[in-house]
Peer 1: 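Pasting a structure below so you can have a look.
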Amino acid sequence: MSKNIQAIRGMNDILPEKILYWQHLENTMRRILNAYGYQEIRTPIMEKTELFQRSIGEVTDIVEKEMYSFNDRNGDSLTLRPEGTASCVRASIENGLFNQTQRLWYMGPMFRHERPQKGRYRQFHQIGVEAYGLQEADIEAEMIFMTARLWRALGLKDLALQINSLGSAAARAAYRDTLVSYFSAHPQPLDEDSQRRLHTNPLRILDSKNPEMQPLIAAAPRLLEHLDSDSLTHFEQLQQLLTAAGISFQINPRLVRGLDYYNRTVFEWVTTALGAQGTVCAGGRYDGLAEQIGGKPMPGVGFAMGLERLVALLEEQENPNLPDPNPHAYLLMAGDKSLQTGLLLAEQLRDALPNLRLLSHCGGGSFKSQFKKADKSGAYLGLILGEEEVLQGRIAVKYLREDKPQESLLQTELAAFLAAYFKLC
RNA sequence: GUGAACGUAGCUCAGUCGGUAGAGCGCAGGAUUGUGAUUCCUGUGGUCGUGGGUUCGAUCCCCAUCGUUCACCCCA
C-alpha cells in the first residue's frame with residue numbers, strides 16, 4: 001500500500017462524488033460576483049517570497065512557519081501563495097489597474113504548512129474578493145451584502161456575522177503599545193501562548209481561550225475606546241448600512257485577524273457547525289497595503305472564503321439543491337450495424353439538444369450487461385438499438401425510473417420526444 | 001510545532017489472549033432466445049500502512065516511520 005506514491009499530506013483529491021458541491025458553490029458565487037460587477041483576475045500561484053513577507057507581516061505565523069518557500073534554480077526565493085490579497089495587489093500595481101477603482105475576484109488553491117485537521121488543509125481553496133480605490137464604508141457594506149446573498153442562495157443558515165474596527169494604522173499601533181505595556185505590567189498570569197503573542201500580535205491575546213486569562217483580558221484597555229474619530233465614524237456608517245439592510249451582526253471587540261495589513265473594518269462569518277475551524281469567510285480593510293508593497297497609496301477592502309469549509313456546510317445540508325448530474329438517457333447498442341447507427345444518432349441528438357445529457361454505451365457486451373450499466377449510470381431512459389430497430393429505423397425507449405411500458409419510436413422522432421419529455425431546449 | 005486516538009479486501013468493519021484472515025456492500029459472470037434495479041447461484045478479491053526489533057513463529061507485543069482523524073496553536 002505505501003509502496004504506492006501517495007498525495008502530499010494535507011493535500012486532497014476532490015473526487016467526482018464531491019465535485020457537485022464545489023461546482024454549485026463556485027457557480028453560485030460566480031453568478032453573484034458578476035451581478036455586482038466584479039471581474040475575475042488570475043494570478044500565478046507562486047510569487048517572490050518577499051511579497052508575502054512585506055504584506056502579511058514578518059512576525060505572523062504564516063510567514064514565520066507556514067509558507068511553502070524554496071529556491072528557484074537561479075537562487076530566487078519563491079513561495080506558494082498562502083493567501084490571495086498580496087498577489088492581487090501586486091498584479092494591480094504591476095498592470096496599472098489602480099488608475100481607476102477596481103472590483104476584482106479570484107479563486108484557487110492556497111498553501112499553508114499547518115497540521116491538517118477538520119476544515120484546515122495544506123492546500124486549500126479560497127474565493128477572494130478585493131476592491132481598490134474606495135474609502136467609504138459603503139464598499140464594506142456591499143461586500144457583506146454580497147456574502148449574505150451567497151448564504152441565502154446556498155440555503156446556508158446559522159452563519160453569524162461579527163464585525164470590529166481596528167482603527168487607523170496609527171491608532172492601531174498606539175493601542176498595540178498600550179496593550180503591550182498593560183500586559184507587561186502583569187506578567188505573572190500570562191500563559192505561554194500569550195507571552196509569545198506579546199511580541200507577535202498582542203491584540204491576539206484578547207482572543208485567548210484560556211479561562212485563566214479571562215479576568216486579565218476583561219480588565220484590559222478596550223480597542224473601541226482607542227479608535228480615532230474618523231475610524232469611529234466609518235465604523236458607525238457601516239453598522240448603519242448593515243442595520244438598514246436587515247443584516248444582523250455582532251460587534252466582537254476581540255476580532256483582530258491574524259494578518260498585519262488590516263486597518264479599520266474587519267469582519268468574519270462564523271459557524272459552530274465545523275468544530276474548531278468556525279470561520280467560513282473573513283476580511284477587512286487594508287488601506288496601507290499597496291504602499292507597503294511599493295505602489296502608490298490605494299485604499300483596499302477584501303475578504304476571502306474557505307471553500308472546503310463551505311463545502312462541508314453544504315454537505316451537512318438536507319436539501320443542498322444541487323443540479324441533477326444523472327444522464328437523461330443511456331444508449332444501448334447490440335447487433336449488426338447498431339454501433340455505427342447508434343453513435344451517429346447520438347451525435348445528431350447532441351446537435352439538436354445541446355442540454356441533453358446522453359451516455360452512449362461503450363465496450364459492447366450483452367443487452368443484459370448494458371442494462372446494468374444503464375441502471376447504474378442513473379439515467380432516466382434507456383434508448384435501445386438492436387438489429388431489429390436498425391432495420392426498421394426505429395428505437396425502443398425504456399423507462400428506467402418509472403413503471404411505464406416500453407415504447408417504440410422512429411429514430412427521426414426521438415429528438416422531439418426527448419425535448420418534450422425532459423423539457424429541454 | 002504540541003497532544004491524543006487510529007491505520008485489516010475498492011468501501012464499511014469483524015477477528016486472531018502471537019501459529020500468515022472473515023462478513024456485508026461493490027465488481028465480474030450466470031439462472032434457455034434482445035431488458036436493468038428485486039431474488040438465487042458462482043467467481044474476483046488483502047505479503048492485515050511501511051521498516052526494524054522480540055520470538056521457533058507477528059497482522060496481533062515493542063520501537064521508528066508514513067498517513068488519517070480530532071484538539072491546541074493559527075487561520076479561510
Side-chain angles (χ1 to χ4, degrees), chain A residues 1-12 15 17 56 60-66 81-85 107-129 147 191-194 196-197 200-201 204 207-210 255-259 267-271 274-283 302-313 330 332-336 338 361 365-390 396-403 405-406:
Chain A
M1 192 82 94
S2 78
K3 294 242 171 83
N4 298 331
I5 297 172
Q6 296 176 303
I8 299 167
R9 173 171 223 192
M11 304 200 180
N12 303 117
L15 302 177
E17 196 188 353
I56 296 170
T60 56
D61 275 30
I62 292 179
V63 170
E64 277 188 335
K65 47 192 193 196
E66 294 176 1
R81 63 183 182 195
E83 57 104 42
T85 299
M107 169 166 70
M110 306 293 164
F111 303 84
R112 266 129 77 167
H113 191 106
E114 302 180 89
R115 192 83 160 252
Q117 80 186 62
K118 187 174 191 177
R120 195 180 68 186
Y121 307 99
R122 290 187 174 177
Q123 174 173 334
F124 61 103
H125 298 79
Q126 291 186 330
I127 292 178
V129 179
T147 52
D191 60 18
E192 207 178 309
D193 285 332
S194 299
R196 185 172 43 77
R197 291 182 186 121
T200 57
N201 191 348
R204 197 91 227 173
D207 213 6
S208 173
K209 289 176 188 169
N210 186 346
L255 184 61
V256 295
R257 321 252 48 251
L259 289 69
F267 68 90
E268 278 188 16
W269 286 96
V270 296
T271 172
L274 293 178
Q277 314 302 326
T279 302
V280 133
C281 171
F303 67 87
M305 39 200 203
L307 266 36
E308 279 80 0
R309 293 180 186 179
L310 287 168
V311 165
L313 288 181
Y330 190 102
L332 302 83
M333 291 160 284
D336 212 25
S338 66
H361 180 85
S366 64
F367 269 119
K368 185 187 183 66
S369 65
Q370 294 194 34
F371 268 104
K372 281 191 179 178
K373 298 249 165 63
D375 181 51
K376 197 141 293 166
S377 76
Y380 297 95
L381 298 181
L383 307 178
I384 307 155
L385 201 61
E387 271 177 64
E388 224 175 283
E389 285 82 4
V390 170
V397 176
K398 171 158 175 156
Y399 298 89
L400 297 173
R401 316 285 151 199
E402 280 178 274
D403 195 13
Q406 188 166 312

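Given the structure is predicted, the values throughout are model-derived calculations rather than measurements. Chain letters run A, B, ... following the sequence lines, proteins first and then strands; every chain starts at 1. These values consider heavy atoms only, across backbone and side chains, with no hydrogens, waters or symmetry-generated copies.
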Peer 1: Taking the side chain as every heavy atom from C-beta outward, state whether A:K65 and A:H113 have any pair of such atoms under 4.5 Å apart.
Peer 2: no

Peer 1: Mind checking salt bridge (Lys or Arg N to Asp or Glu O under 4.0 Å) for A:R115 and listing every partner two or more places apart, or none if nothing turns up?
Peer 2: none

Peer 1: Go through the structure and list residues passing salt bridge (Lys or Arg N to Asp or Glu O under 4.0 Å) with A:R120, not counting sequence neighbours.
Peer 2: A:E114

Peer 1: How would you label the contact of A:G365 with the nucleic acid (heavy atoms, under 4.0 Å): base, sugar-phosphate, or nothing?
Peer 2: nothing

Peer 1: Distance check needed: B:rG34 C1' versus A:E387 CD, whole Å only.
Peer 2: 9 Å

Peer 1: Give A:E389 one of three labels, base, sugar-phosphate or nothing, depending on what nucleic acid heavy atoms sit under 4.0 Å from its own.
Peer 2: base

Peer 1: Just list the side-chain donor-acceptor pairs under 3.5 Å for residues 378-388 of chain A, sequence neighbours left out, or say none.
Peer 2:
residue: A:Y380; atom: OH; partner: A:D324; partner atom: OD2; Å: 2.4

Peer 1: With sequence neighbours excluded, tell me which residues meet side-chain hydrogen bond (donor to acceptor under 3.5 Å, both in side chains) with A:N201.
Peer 2: none

Peer 1: Is there a donor and acceptor pair closer than 3.5 Å between the side chain of A:Q406 and the base of B:rU35?
Peer 2: yes

Peer 1: Mind checking what makes side-chain hydrogen bond (donor to acceptor under 3.5 Å, both in side chains) contact with A:D193, not counting sequence neighbours?
Peer 2: A:R196

Peer 1: Using Watson-Crick pairs (N1 to N3, plus N6-O4 or O6-N4) and G-U wobble pairs, both distances under 3.5 Å, which stems of at least 3 pairs involve RNA chain B?
Peer 2: B:1-7 with B:66-72, B:10-13 with B:22-25, B:27-31 with B:39-43, B:49-53 with B:61-65

Peer 1: Between atom CG in A:N12 and atom P in B:rU68, what is the gap in whole Å?
Peer 2: 8 Å

Peer 1: Work out how far the C1' atom of B:rG45 is from that of B:rG10, and round it to whole angstrom.
Peer 2: 9 Å

Peer 1: Name all residues meeting the side-chain hydrogen bond (donor to acceptor under 3.5 Å, both in side chains) criterion together with A:Q370; count only those two or more places apart in sequence or in a different chain, and write none if there are none.
Peer 2: none

Peer 1: Using atom P in both nucleotides, what's the gap between B:rG18 and B:rC56 to the nearest angstrom?
Peer 2: 16 Å

Peer 1: Taking only residues two or more places apart in sequence, or in another chain, which ones meet A:N12 in a side-chain hydrogen bond (donor to acceptor under 3.5 Å, both in side chains)?
Peer 2: none

Peer 1: What is the separation between atom CG on A:L381 and atom C1' on B:rG36, rounded to the nearest whole Å?
Peer 2: 13 Å

Peer 1: Rounding to an integer number of Å, can you tell me how far A:M11 CE sits from B:rU68 P?
Peer 2: 11 Å

Peer 1: Using atom P in both nucleotides, what's the gap between B:rU38 and B:rG24 to the nearest angstrom?
Peer 2: 15 Å

Peer 1: So, do A:V280 and A:L274 sit near enough that their side-chain heavy atoms are less than 4.5 Å apart?
Peer 2: yes

Peer 1: If I pick the P atom on B:rA4 and the same atom on B:rC13, what distance separates them, to the nearest angstrom?
Peer 2: 24 Å

Peer 1: Got a sec, which residues hit salt bridge (Lys or Arg N to Asp or Glu O under 4.0 Å) with A:R204, two or more places apart in sequence or on another chain?
Peer 2: A:D207

Peer 1: Determine the interatomic distance between P on B:rA37 and the same-named atom on B:rG29; round to the nearest Å.
Peer 2: 12 Å

Peer 1: Protein-nucleotides 24-30 of chain B N/O pairs closer than 3.5 Å?
Peer 2:
residue: B:rC27; atom: OP1; partner: A:K376; partner atom: NZ; Å: 2.1
residue: B:rC27; atom: OP2; partner: A:K376; partner atom: NZ; Å: 2.8

Peer 1: Can you confirm whether more than 12 heavy atoms, excluding those of A:E17, are under 6.0 Å from its CD atom?
Peer 2: no

Peer 1: Quote, to the nearest angstrom, the P distance that separates B:rU44 from B:rG22.
Peer 2: 13 Å

Peer 1: Over how many whole Å does the gap from A:L15 atom CG to B:rG10 atom C1' extend?
Peer 2: 12 Å

Peer 1: Distance check needed: B:rA37 P versus A:Q370 CD, whole Å only.
Peer 2: 14 Å

Peer 1: I need a per-nucleotide contact map over nucleotides 70-76 of chain B, read 5' to 3'. Cutoff is protein heavy atoms under 4.0 Å; write B for the base, S for backbone only, - otherwise.
Peer 2: SBBBBBB

Peer 1: Can you tell me, in whole Å, how much space there is between the P of B:rU12 and that of B:rU8?
Peer 2: 9 Å

Peer 1: Are A:W269 and A:M305 packed together at the side-chain level, in the sense that at least one heavy-atom pair is separated by less than 4.5 angstrom?
Peer 2: no

Peer 1: Could you tell me how far apart A:D375 (CG) and B:rG36 (C1') are, to the nearest whole angstrom?
Peer 2: 5 Å

Peer 1: Apply salt bridge (Lys or Arg N to Asp or Glu O under 4.0 Å) to A:K372 and list each qualifying residue two or more places apart in sequence or on a separate chain.
Peer 2: none

Peer 1: Rounding to an integer number of angstrom, what distance separates B:rC74 and B:rG3 when you compare their C1' atoms?
Peer 2: 16 Å

Peer 1: Would you check if A:F367 stacks with the base of B:rU35, given a 5.5 Å centroid limit and a 30° plane limit, both strict?
Peer 2: no

